[in-house]
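Just below is one structure, and these are the notes that go with it.
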Amino acid sequence: MKDKIYRVISSAVVTLPLFFNLYFFQISSAIGTRKISAVIFSVFVTFLMFMTLYKRDIYKYRRVFFIAAALLFFPSFMSNLISNRGSVTLEDINMIKNEVPFCHMVTPSAIIPYAFTKTLIFPSKLFNSYTSVYSMLMIWLLATLTMGRGWCSWVCFYGGWDELSSSIGKKKRLKLSPNSSYVRYFKFTMLIFLALASLKTLSVVYCEWFCPLKLITEHGDTNSIKGYLQFIFMVVLFIGLLIVLPFLTKKRFQCGTYCPFGAFQSLVGKVSPFRVIIDAKKCTECSICLEKCPTLSITSESLKKGKTDKTCTLCGKCLEVCPKKAISLRFSWLKRVNSLNIHPILNNILSPISFLSFVGLLIGSIVCGGFMVDTINKTINLFGALL
Amino acid sequence: MKKIIYLLSVSLFGFALLNIPSAFTNMNFIHRQMHKVLNLRIRDSFNGGKKLFRFTDPLGDDNGNGELEYPRSELYKGGVGLMDILSFTIFSPQSETDWSDDIIYWQFSYRLKNLNSGNKSNPKKSPQIINHYFGFEGEEGRTDTLYPRSELVRFDPEYPWQYAVSVDVNSETAKIFSYDDIYSSDITMMVDKELNKIVIRVPLNYKPLRKIFTNPTTYHYVLSGGYDPLTNGNFLPVKKRSSIRNGGGAKSRLTPKVYDYLTPKGYSQKSILESYSEETFEYALLKPIIADPKDLAENKKNSIPDKFIEEFKAALQEENKLSREKKEREVKELEDKLKNSGELKSNIELGIKYFNLGNTEKSEEIILNYLDKNPEDPRAISYYGSIMAMKGGQTDSLSQAMEYIYKAFDLYKKAIKLVKTPEEELEVRLNRANVAKSVPESVFQKNTLGAKDFLKAAEIYKEIYPDKPEYVAHCYIMAALCFKNAGKEEESIIYLEAAESSEKINSTDRYKLLLNGYGYNYEK
């Protein structure tokens with residue numbers, strides 16, 4: 001009982017700053033029915049945060065937010081495109097006006113061309129817009145410094161698609177071995193290929209040909225053979241990488257094996273202070289974590305090393321499934337410290353789980369919140385009109 | 001010891017995380033700092049190339065020789081400035097064309113005052129035609145029009161054209177023709193209804209056109225007229241009187257069918273379009289605008305003389321002092337007048353005067369009292385909005401400031417819906433425009449709205465105070481500043497130039513224009 005009370009208090013203490021931020025960013029500036037939507041969204045995120053901390057279960061509640069973000073992002077994004085420029089098709093005039101919303105996926109392809117030409121190979125607004133280049137770079141920088149590749153499980157508004165598909169059903173129909181380096185390192189090959197191809201063509205080759213998410217965002221026109229081919233690629237990649245393969249393998253296939261941004265994030269994400277540590281003394285090598293890790297970030301080798309691979313997205317699945325509780329989240333500079341002999345409330349507040357949940361849901365709700373609130377609002381208005 | 005290190009380091013990290021939201025509230029500042037380091041620039045090939053030359057043309061000169069009238073059909077009725085060319089831009093030719101259908105091309109853009117016609121059934125259809133003739137220096141070409149008896153003009157024999165681009169805005173198609181009939185091709189055309197801009201991309205797959213890559217001097221004739229599918233060359237006829245099928249105001253059968261022509265500096269559109277001769281049966285002779293790469297280097301701005309800044313500051317100070325004294329006097333006079341009427345606490349004029357004096361407390365009290373009795377008065381609502389905005393500017397809490405500003409814009413929206421007279425609309429729009437200009441663009445993005453309000457105010461001023469062109473000029477300058485804040489440089493220049501051509505302008509505005517010419521930010 002005492003423990004429960006302590007957990008309620010510590011969870012409330014950490015949740016409160018998040019709620020204040022949600023109030024500030026979402027509720028205070030909203031008017032009309034949008035205020036109701038902002039309240040619904042804020043209560044939803046606050047609840048998830050509280051439950052994460054109370055139950056000490058990152059995976060379950062993070063996943064709810066992550067999937068909701070992906071599902072609510074695209075109706076808002078696409079309908080805004082339609083109302084602003086008439087369609088989701090990207091036309092030359094949108095490029096002339098630098099009207100293409102900047103997407104984080106562009107970053108790895110744009111860095112090398114920028115280093116050589118001092119120009120950005122993507123026609124976006126630089127300032128004064130939420131989807132401008134500097135806005136996205138700032139968000140990315142903040143998220144990388146605080147969470148590293150945690151971006152891919154907390155902030156990315158696309159990742160929820162394969163997380164959802166991989167959660168449907170229980171039976172694995174296609175086995176994907178995390179020990180196969182071909183599978184795990186394919187995304188790094190993609191990253192190198194796309195960076196070089198982008199340098200050669202001075203355009204973002206990934207967006208033109210390899211992005212599986214254009215079907216739910218925006219895409220080029222189909223007035224030419226090239227346009228048709230790109231459209232076919234886009235549909236096949238979306239269905240294959242985000243629906244069929246995650247469903248068959250029960251893994252986040254796109255994020256774990258294909259996404260070049262994920263690969264890039266794995267390389268730069270080392271600056272993050274969070275580490276998933278495997279305690280060799282407690283580990284019985286049952287390999288459940290290895291089986292269950294959705295992004296193939298635990299291998300036999302990493303089990304021996306006592307830590308997850310650099311591709312770990314801090315999703316929390318291994319923490320949940322380990323029967324011996326041998327896996328824990330630690331701060332990188334305090335890897336050996338599990339808990340200190342301090343008051344349980346303080347111990348809970350200052351634990352890595354509290355910090356990761358706070359920063360993950362904070363940045364996630366700043367990045368996706370506007371879109372999520374917008375979709376909720378549109379749904380309310382739609383029902384209002386129907387009734 | 002271990003415990004202390006743990007607590008200290010984790011607390012510091014926690015403190016850093018709690019400060020993440022402040023990055024978003026200071027986004028503008030952070031973005032500027034990032035820009036200082038990265039100095040990002042979008043690759044020109046996405047935008048159609050670097051803007052090499054920009055030629056502007058006066059606002060409101062879409063009357064050809066000064067007397068042409070628009071046809072009386074529905075198509076032209078609601079559209080003010082449908083054939084008014086405001087600017088013409090030449091881009092650098094492109095050979096690395098990412099994400100574009102043309103492999104190598106040369107881009108031009110034409111900006112008009114208005115691209116939305118009065119056609120009720122299809123307001124997006126615009127009824128104008130633009131013919132653009134251009135040539136390379138020292139090459140042979142033609143001096144007559146692409147189609148005989150089309151525009152009724154001829155071209156300077158020193159600068160004959162080699163290529164003609166015909167832009168049919170109505171059907172959104174454009175074509176290029178060479179002077180010797182060897183080459184013709186459809187060209188990519190894009191219409192931006194929001195900015196009233198037409199962009200064309202001339203494909204450079206015809207070898208003689210690739211001369212442009214060697215950076216030669218080019219000259220251009222850009223003409224606009226009404227579109228008529230039944231005439232040779234598709235230029236709408238102009239006759240003495242306008243009718244459904246033709247424009248009016250033509251003095252002669254040789255009057256060019258050209259409503260606007262991009263006139264080179266040092267010439268007047270009127271005199272050029274009246275240079276036809278009935279005796280010799282010669283059409284009006286057009287002079288080209290010349291795009292000479294040498295001019296690019298000379299166009300760089302000189303440094304600003306210090307005396308201009310000093311003079312501007314002194315003029316601004318003097319104007320503020322006089323205006324404050326005047327406002328204080330007016331408040332006193334009105335208060336004396338209202339003393340015995342019982343309206344001292346609810347007179348809208350007094351509330352407004354207090355607001356103009358900067359006394360928001362007193363002003364709010366009076367305006368709220370007035371609004372109790374007159375809840376649908378648009379002026380009072382809009383001033384209450386401005387009071388909210390001022391309160392937003394004064395508060396230390398950012399969330400409260402945002403709440404005030406959003407409330408202000410809600411009130412303005414309501415007020416605009418309620419206006420009944422042009423005077424009311426003028427006041428409401430100016431209130432909203434001033435607030436839109438002063439709130440941070442990175443947070444609210446209201447500068448474009450502000451610019452539109454200033455432009456609407458300019459139109460109303462023209463209508464109700466035709467003898468006060470300085471008011472119109474002031475609105476143009478303010479609109480230009482709003483556009484500049486919104487990152488719309490091109491629009492900004494157009495309205496600064498429109499203000500410059502005003503016959504009268506007040507002294508501080510005159511300095512603003514002068515300083516702007518030197519690229520000096522006088523708003524600091």
Side-chain angles (χ1 to χ4, degrees), chain A residues 17 21 23-25 28-31 90-93 95-98 113-114 117-129 132-135 137-139 141-142 146 201-204 207-208 220 223-224 226 273 331 333-334 337 340-342 346 349-350 354-355 358-359 362-363 366, chain B residues 2-3 5-7 9-11 13-14 16-18 20-21 23-25 27-28 30-32 34-35 38-48 96 98-102 107 109 188 190-192 194-195 197 199 201 398-400 402-403 405-407 410 441-443 445 447 485-487:
Chain A
N21 281 300
Y23 176 80
F24 175 72
F25 283 104
S28 71
S29 56
I31 46 170
L90 186 60
E91 285 169 15
D92 282 346
I93 194 76
M95 276 185 259
I96 289 174
K97 291 166 79 180
N98 294 336
Y114 167 74
T117 65
K118 296 286 167 216
T119 56
L120 182 70
I121 54 166
F122 197 80
S124 260
K125 282 200 180 348
L126 291 178
F127 300 100
N128 291 337
S129 156
S132 70
V133 178
Y134 283 117
S135 273
L137 284 183
M138 188 185 88
I139 292 167
L141 198 67
L142 282 173
T146 51
T201 60
L202 290 176
S203 69
V204 185
C207 301
E208 278 188 274
N223 296 340
S224 58
K226 183 184 164 192
F331 291 119
W333 70 97
L334 295 164
V337 186
L340 289 170
N341 191 16
I342 50 177
L346 202 58
I349 292 171
L350 297 178
S354 301
F355 280 58
F358 174 76
V359 73
L362 175 71
I363 300 183
I366 291 174
Chain B
K2 204 165 138 189
K3 200 188 276 185
I5 292 172
Y6 183 94
L7 288 173
S9 60
V10 173
S11 306
F13 182 52
L17 294 188
L18 286 172
I20 286 177
F24 291 90
T25 52
M27 212 155 72
N28 210 12
I30 295 173
H31 290 178
R32 301 279 157 198
M34 287 169 82
H35 187 60
L38 296 173
N39 197 18
L40 282 179
R41 189 168 58 78
I42 309 295
R43 198 166 170 73
D44 290 329
S45 52
F46 287 103
N47 315 132
E96 296 162 341
D98 322 308
W99 297 11
S100 174
D101 295 337
D102 297 309
Q107 182 168 298
S109 75
T188 307
M190 293 156 268
V191 180
D192 181 351
E194 190 198 346
L195 297 179
K197 199 193 262 181
V199 180
R201 284 181 174 174
L398 198 74
S399 65
Q400 212 175 8
M402 284 173 81
E403 263 184 77
I405 304 288
Y406 281 117
K407 190 170 178 191
D410 263 0
E441 179 68 1
S442 58
V443 183
Q445 287 155 27
N447 268 287
N485 291 344

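Computed from a predicted model, the values in this text were never measured in an experiment. Just so it is clear: chains get the letters A, B, ... in the order the sequence lines come, proteins before strands, and each one is counted from 1.
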To the nearest 0.5 angstrom, please state how far the [atom1] atom of [X] sits from the [atom2] atom of [Y].
X	Y	atom1	atom2	answer
A/Ile366	B/Ile20	CD1	CD1	7.5 Å
B/Arg43	A/Leu202	CZ	CG	4.5 Å
A/Asp92	B/Thr188	CG	OG1	7.0 Å
A/Leu346	B/Ser11	CG	OG	7.5 Å

Please determine, among [options], the option with the most heavy-atom pairs under 4.5 Å with chain A.
options	result
B/Leu18, B/Ile5, B/Val191	B/Leu18
B/Asp192, B/Ile405, B/Ile30, B/Val199	B/Asp192
B/Arg41, B/Met27, B/His31, B/Met190	B/His31
B/Met402, B/Met34, B/Glu403	B/Met34

With a 4.5 angstrom heavy-atom cut-off, which part of [X] approaches chain B: side chain, backbone, both or neither?
X	result
A/Ile363	side chain
A/Leu350	both
A/Ser354	neither

Let me know if [X] has heavy atoms under 4.5 Å from chain A in its side chain, its backbone, both or neither.
X	answer
B/Ser109	neither
B/Asn447	neither
B/Val10	both
B/Gln445	side chain

Requested in this report: Begin from the C-alpha positions of B/Leu40 and A/Tyr134 and carry the test side chain to side chain contact (heavy atoms under 4.5 Å, CB included) through to its verdict.
Outcome: CA-CA 9 Å; B/Leu40 282 179; A/Tyr134 283 117; 3.4 Å; yes
Nearest atoms (heavy-atom pairs only) where [X] meets [Y]:
X	Y	value
A/Leu142	B/Ala23	CD1-CB, 3.8 Å
B/Pro21	A/Asn21	CG-OD1, 2.8 Å
B/Asn47	A/Ile96	ND2-O, 3.7 Å

Query raised in the report: Parallel, tilted or perpendicular: which fits the ring planes of A/Phe355 and B/Phe13, with parallel below 30° and perpendicular above 60°?
Result: parallel
Query raised in the report: Under 4.5 Å between any side-chain heavy atoms of A/Ile342 and B/Leu7, yes or no?
Result: yes
Query raised in the report: Is any side-chain heavy atom of B/Phe24 less than 4.5 Å from a side-chain heavy atom of A/Met138?
Result: yes
For chain B, which of [options] has the most heavy-atom pairs under 4.5 Å?
options	answer
A/Tyr114, A/Phe127, A/Phe25, A/Tyr23	A/Phe127
A/Lys97, A/Glu91, A/Lys118	A/Lys97
A/Val133, A/Leu141, A/Leu137	A/Leu137
A/Ser135, A/Pro113, A/Gly220	A/Ser135

